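Take a look at the structure below.
The shown structure was predicted, so the numbers you read here are calculated from the model rather than taken from an experiment. Residue numbers begin at 1 in each chain, while the letters A, B, ... track the order of the sequences.
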Amino acid sequence: MNARFQTPRGTEDVLPEDQPRWRLIEAAAGETARLFGYERIDTPSFEAAALFEKGTGDTTDIVEKEMYAFEDRGGEALSLTPEATPAICRAWLEHGMASRPQPVRLYATARMFRYSRPQLGRLRQFTQFDCEAIGSAGALADAELIELNWRLYERLGLRDLEVRLGSIDDIGPRRAYLERLRAHYRPLRERLSPDSQRRLERNPLRLLDSNDERDRELREGAPAIVDQLSEDAAAHFAAVREALDAAGVPHVVDPLLVRGLDYYNRTVWEIAPTGDGRAQSSIGAGGRYDGLMETLGGPPTPAVGFATGLERIVIEMKRQGVDAPAPPAPDAFVAHAGEGAARAAVRAASRLRACGIAAVTGEAGRSLRAQLRRANASGARVAVIIGAEELARGTAAIKDLRGDGGQEEAPLDELAARIAGAQAPPAPHWRHG
RNA sequence: GUGGGCGUAGCGUAGUGGUUAACGCGUCAGGUUGUGGCCCUGAAGAUCGAGGGUUCAAAUCCCUCCGUCCACCCCA
């Protein structure tokens, strides 16, 4: 078994038994997006590496140590997409979407790639549903995205989730705040955890949500950013909360909420199961990023968006016992035995399918009994049996697998009509032009 | 990137130094000269994650690697 291939570390196969959940989530995501007026966009699986170095921020962990960056054979510096937002902004710029009605509302469902140590709900290749409203500075846009994110989970039947909301102000005021924060901690530096000593200069916001006992004690008296917002950011934050109340989306303000990406300003949020202590339990998160478009060389353009991980949604659905409907079983199972019967079976199955009846054929060479066992296990409504006798008469036996197993004989060219019985006539799937 | 737990047929498990590694589910076949479900019988399927070491003897003890899970870090 050692020589066998396996999925690369941090990747997974989505097997047929998990597909119904995935399809349900994708459909729910698309439908929720539609209800809010978001249009789908697909961007490539790789982009110029510099897009993320600039956009995501070259001091973030994502860029510093998690990017699948490589040079292609022509020497282009590329990277597999670690997150969707910069890619969608790039598309907005590249296709002149500034001249579309603003804001431009876009969504995408795509694979993302980050080289990190795998854990439950954290893979190296994972799938995100991502929504962005580009070109709107208003608080209503923030609330709209949060509501969209929330309604998706609601639609999927997820319960016991919580919207945690915060604001990290605009760049200028935040700098001033960070200085005040550093001023609080500098005298205590020696007593901080080693991680936090590093964070002090680099990313002081992180000091506040550290889980280390030592850091928690020293947090006493540290200023919280949501309490010291600039006038504009405070008004914006209040307006977001008001709009959420109007929409009926419950939320709690989390003064310690911090997002890791450089480009966020003002509103940030995450949605996670209530009381789940797992580190990577948040299933969706987003924020406003008014400075990103400029960073990427575009005109100043306010924007807000979020991403949610499909793998994490699947985990949460399983945890909560939320199932998805299985795809319907085939309608008919065509069993056959004897010389020439295989040919008739292929033809019969083919005709049934042309009438919209899902038909599966039995394995040639297997006993009728084996084939009927298969038929039963497949969940098919009826078995069509073609043996030497039927073949000679140009007929087939139709056996009811749901009831007591009664059967009737029908001419081969009447099979579809007999089997269709009460079921609705098939819709045409295609049409010649 | 740091620290720790775990890794036995497709899946779930038993076996913790000593004969051909066991059981359940699943798969395949038979019990009906052409008829499913339940039941019965049988078969296939595992170099016990990989490599190395200790030992007369290793699934079992040790080391390395791989994978996975957990806690950090970070994040969807």
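- Nucleic acid contact class of A/Ala370 (heavy atoms, under 4.0 Å, all strands): sugar-phosphate only.
- Per the geometry, CZ belonging to A/Phe333 stands 13 Å off P belonging to B/G36, to the nearest Å.
- The nearest whole Å value for the distance from the CG atom in A/Leu120 to the C1' atom in B/G67 is 15 Å.
- Residue-level contact check: A/Asn149 touches neither bases nor backbone, having no heavy atom under 4.0 Å from any strand.
- As judged by a 4.0 angstrom heavy-atom cut-off over every strand, A/Ser367 is placed among residues touching the sugar-phosphate backbone only.
- For the pair A/Lys399 NZ and B/G34 P, the computed distance is 15 Å after rounding to whole Å.
- Rounded to whole Å, the separation between the C1' atoms of B/C38 and B/A76 comes to 48 Å.
- Rounded to an integer number of Å, the gap from A/Lys318 NZ to B/C69 P is 12 Å.
- OP1 or OP2 of B/C28 has at least one side-chain nitrogen or oxygen of A/Arg366 nearer than 4.0 Å.
- If you take CZ of A/Arg369 and P of B/U27, they are 14 Å apart, rounded to a whole angstrom.
- You won't find any donor-acceptor pair under 3.5 Å spanning the side chain of A/Asn376 and the base of B/G37, going by distance alone.
- Base contact: A/Gly405 has a heavy atom under 4.0 Å from a base atom.
- Not a single donor-acceptor pair, N or O on each side, falls under 3.5 Å between the base of B/C75 and the side chain of A/Arg114.
- For B/A71, the OP1/OP2 oxygens have a side-chain nitrogen or oxygen of A/Gln119 closer than 4.0 Å.
- Within the 4.5 Å cutoff, side-chain heavy atoms of A/His251 are placed close to those of A/Asp245.
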Sequence neighbours excluded and cut-off under 3.5 Å, please list the side-chain donor-acceptor pairs for residues 37-44 of chain A, or say none.
| residue | atom | partner | partner atom | Å |
| --- | --- | --- | --- | --- |
| A/Tyr38 | OH | A/Glu144 | OE2 | 2.6 |
| A/Arg40 | NE | A/Asp42 | OD1 | 3.1 |
| A/Arg40 | NE | A/Asp42 | OD2 | 3.4 |
| A/Arg40 | NH2 | A/Asp42 | OD1 | 3.0 |

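- By the 4.0 Å N-to-carboxylate-O rule, A/Arg151 lies close enough to A/Glu147 to be salt-bridged with it.
- A/Arg374 comes within 4.0 angstrom of the backbone, heavy atoms only, and of no base.
- Looking at heavy-atom distances under 4.0 Å, A/Gly10 makes contact with sugar-phosphate atoms alone, never a base.
- In this structure, A/Leu257 places its CG atom 14 Å from C1' of B/C74, rounding to the nearest Å.
- Evaluation of atom-type donor-acceptor distances gives a pair under 3.5 Å for the side chain of A/Arg117 against the base of B/G3.
- By the 30° and 60° cut-offs, the orientation of the rings of A/Phe129 relative to A/Phe306 is perpendicular.
- Counting distance only, with no hydrogens placed and no angle test, the side-chain atoms of A/Arg373 and the base atoms of B/G31 include a donor-acceptor pair under 3.5 Å.
- Within the shown strands, B/C28 is the pairing partner of B/G42 under the Watson-Crick or G-U definition, both distances less than 3.5 Å.
- In this model, no donor atom of one side chain and acceptor atom of the other lie less than 3.5 Å apart for A/Thr109 and A/Glu26.
- For A/Thr127 and A/Glu311, the side-chain atoms include at least one donor-acceptor pair closer than 3.5 Å.
- A donor-acceptor contact under 3.5 Å links the side chain of A/Glu390 to the base of B/G34.
- When the P atom is used for both B/A46 and B/A9, the distance is 10 Å, rounded to whole Å.
- Using a 4.0 Å heavy-atom distance criterion, A/Gln371 is classed as making no nucleic acid contact.
- Side-chain N/O atoms of A/Arg9 include one lying less than 4.0 angstrom from OP1 or OP2 on B/G67.
- Residue-level contact check: A/Ala375 touches neither bases nor backbone, having no heavy atom under 4.0 Å from any strand.
- Note on A/Leu123: a base of the nucleic acid sits closer than 4.0 angstrom, heavy atoms only.
- Judged by Watson-Crick or G-U wobble contacts below 3.5 Å, the nucleotide B/G12 has B/C23 as its partner.
- Note on A/Glu83: nothing from the nucleic acid sits closer than 4.0 angstrom, heavy atoms only.
- In this structure, A/Gln6 places its CD atom 13 Å from P of B/G10, rounding to the nearest Å.
- Among the atoms of the strands shown, none is found under 4.0 Å from any heavy atom of A/Ala337.
- With 3.5 Å as the limit, one finds a donor-acceptor pair spanning the side chains of A/Thr395 and A/Glu409.
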